[in-house]
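Report on one structure; see the data block that follows.
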Amino acid sequence: MTTLFEKTPGWLDWYASPSVPAFTLPPGAVDAHCHVFGPGSEFPFAPERKYTPCDAGKDQLFALRDRLGVSRNVIVQATCHGTDNSAMVDAVRSAGGRARGVATVRPDVSEAELGRLHEAGVRGVRFNFLKRLVSAAPQDELTEIAQKVAPLGWHIVIYFEAPDLPDLEHFFASLPTPLVVDHMGRPDVSQPVDGPEFTRFLRFVERHDVWVKVSCPERLSLTGPPALDGERDAYRDVVPFSRRVIAEFPDAVLWGTDWPHPNLTDHMPDDGLLVDVIPHIAVTAEQQHRLLAANPMRLYWPDEAV
Ligand code: 0GY
């Protein structure tokens, strides 16, 4: 039976014809944060989801990968699929070793299931603290999950907003795995880059030795994409934040497109433009190599680290 889903009203679909970036990605570049949505007819969206997206399947993701000049993907379970990881796992398995996955699991997940996910290429789980995306899971349940995945050498991806860090930091510090923060901990970029909120985040990164994705300028920006057609200097207000993280922690940063960009409401980014932000935030060839290739390879493909 084909399942038909109606998109959340106002849903913005991914950008159909992204430009070819002006910036050439270095060899072996990894898009370390992207998702697949369905397709819903094959991989139905979860009943508990907070949004219903458009379809954005593995073939479309791989086409984007090739168009941008990306070599590998890390596919992060999207909340619209709940704890059913089958669309993500199918995409990872189909990538012929060129993808890894980050799953969402329940505390009662079995060792056998974790073993299957590992064999498919999953290397982490995601804990999401955004109330608009998930119903809050009790911390003891998350701790149970963390204890189950730690022996596999997995990490935990944490997604939270900057004002919530003070309440969450103690819990994060208790987790027994490496941590990877989505979207720089979602700073408010109208605040100064050396203001108290972002400085607190950077000291958290330093204290706990966490990885940071310098992703999602399109989600964080207040100035938005370029106003002029043909202008490629996008999301300027986010640049100082990303640049500071990369300068302070060049060996702990990752980059990703966030394709197909769930829940954007004012515009859908041209993924080619997102690539063109990179030389503004990683300003030397050495920083670019670490951000795009050396760091993600060390975390997700340690046997092939470059
Ligand atoms: C992101 C951000 C968002 C959504 C999800 O899994 C998701 O639904 O990650 C968001 O709405 O901020 O990382 O893609």
Side-chain angles (χ1 to χ4, degrees), residues 5 7-15 30-40 43-58 60-61 64 73-89 91-92 100-106 122 124-137 142 155-165 168 179-189 211-222 235 238 242 253-269 271 274 296:
F5 289 95
K7 292 184 280 188
T8 297
W11 185 265
L12 296 183
D13 292 1
W14 44 278
Y15 204 88
V30 180
D31 175 352
H33 187 96
C34 53
H35 310 282
V36 286
F37 299 152
F43 300 105
F45 301 116
E48 71 273 24
R49 69 190 180 279
K50 305 264 183 177
Y51 62 85
T52 306
C54 61
D55 284 335
K58 63 183 177 187
Q60 293 151 336
L61 174 64
L64 177 76
N73 295 102
V74 180
I75 307 174
V76 177
Q77 173 75 352
T79 59
C80 56
H81 281 295
T83 55
D84 176 357
N85 293 290
S86 36
M88 179 273 289
V89 164
V92 172
R100 293 291 194 225
V102 173
T104 300
V105 299
R106 292 155 42 105
V122 171
V125 288
R126 191 183 198 202
F127 291 173
N128 197 319
F129 297 90
L130 269 67
K131 293 177 193 70
R132 68 177 168 78
L133 290 174
V134 287
S135 308
L142 298 178
H155 58 266
I156 295 171
V157 172
I158 48 178
Y159 189 26
F160 59 90
E161 290 178 320
D164 297 327
L165 179 58
L168 290 168
L179 301 177
V180 180
V181 177
D182 278 344
H183 317 332
M184 298 189 286
R186 293 199 58 126
D188 170 359
V189 301
W211 299 78
V212 183
K213 292 180 196 163
V214 290
S215 44
C216 274
E218 74 288 359
R219 208 175 274 288
L220 302 173
S221 179
L222 302 171
Y235 311 117
V238 186
S242 315
V253 284
L254 306 166
W255 173 86
T257 56
D258 195 35
W259 188 89
H261 312 286
N263 298 312
L264 291 181
T265 49
D266 61 8
H267 77 289
M268 183 51 56
D271 296 278
L274 291 176

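Counting convention: from 1, in listed order, for ligands and their atoms alike. The figures here come from the full heavy-atom set of this structure, side chains too, leaving out hydrogens, waters and symmetry mates.
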Ring centre gap for His81 and Phe5 strictly below 6.0 Å: no
Taking 4.0 Å as the limit for heavy-atom contacts, which would you say applies to [X] with ligand 1: side chain only, backbone only, both, or neither?
X: Arg186; answer: side chain
X: Val76; answer: neither
X: Asp258; answer: side chain
X: Lys50; answer: neither

So Arg186 and Tyr159, side-chain hydrogen bond (donor to acceptor under 3.5 Å, both in side chains) or not? Walk me through it. CA-CA 8 Å; Arg186 293 199 58 126; Tyr159 189 26; 2.8 Å; yes
Please step through side-chain hydrogen bond (donor to acceptor under 3.5 Å, both in side chains) for the pair Ser215 and Asp258, ending with a clear verdict. CA-CA 7 Å; Ser215 44; Asp258 195 35; over 6 Å; no
Using the side chain to side chain contact (heavy atoms under 4.5 Å, CB included) rule, take Met88 and Val102 through it: C-alpha gap first, then chi angles, then the decisive distance, then the call. CA-CA 8 Å; Met88 179 273 289; Val102 173; over 6 Å; no
Could you tell me whether Asn128 and ligand 1 have an N or O pair separated by under 3.5 Å? no
Answer yes or no: does an N/O atom from Asp182 fall short of 3.5 Å to an N/O atom of ligand 1? no
Please tell me if the side chains of [X] and [Y] come closer than 4.5 Å, counting only heavy atoms from C-beta onward.
X: Phe127; Y: Phe160; result: no
X: Leu274; Y: Glu218; result: yes
X: Val238; Y: Met184; result: yes

Show which atoms of ligand 1 fall inside a sub-4.0 Å distance from at least one heavy-atom site of [X].
X: Ala78; value: 6 (O)
X: Arg126; value: 1 (C), 5 (C), 6 (O), 7 (C), 9 (O), 13 (O)
X: His183; value: 1 (C), 2 (C), 13 (O)

Would Arg219 count as a contact of ligand 1 if the rule is a heavy atom under 4.0 Å away? yes
Among all protein heavy atoms in this structure, tell me which lies nearest to atom 6 (O) of ligand 1, with the distance rounded to 0.1 Å. Thr79 N, 2.8 Å
Starting from atom 12 (O) of ligand 1, locate the nearest protein heavy atom and write down its residue, its atom name and how far away it is, to 0.1 Å. Tyr159 OH, 2.5 Å
Only one of Val74, Asp182, Val214 clears side-chain contact (heavy atoms from CB on, under 4.5 Å) with His33; which? Asp182
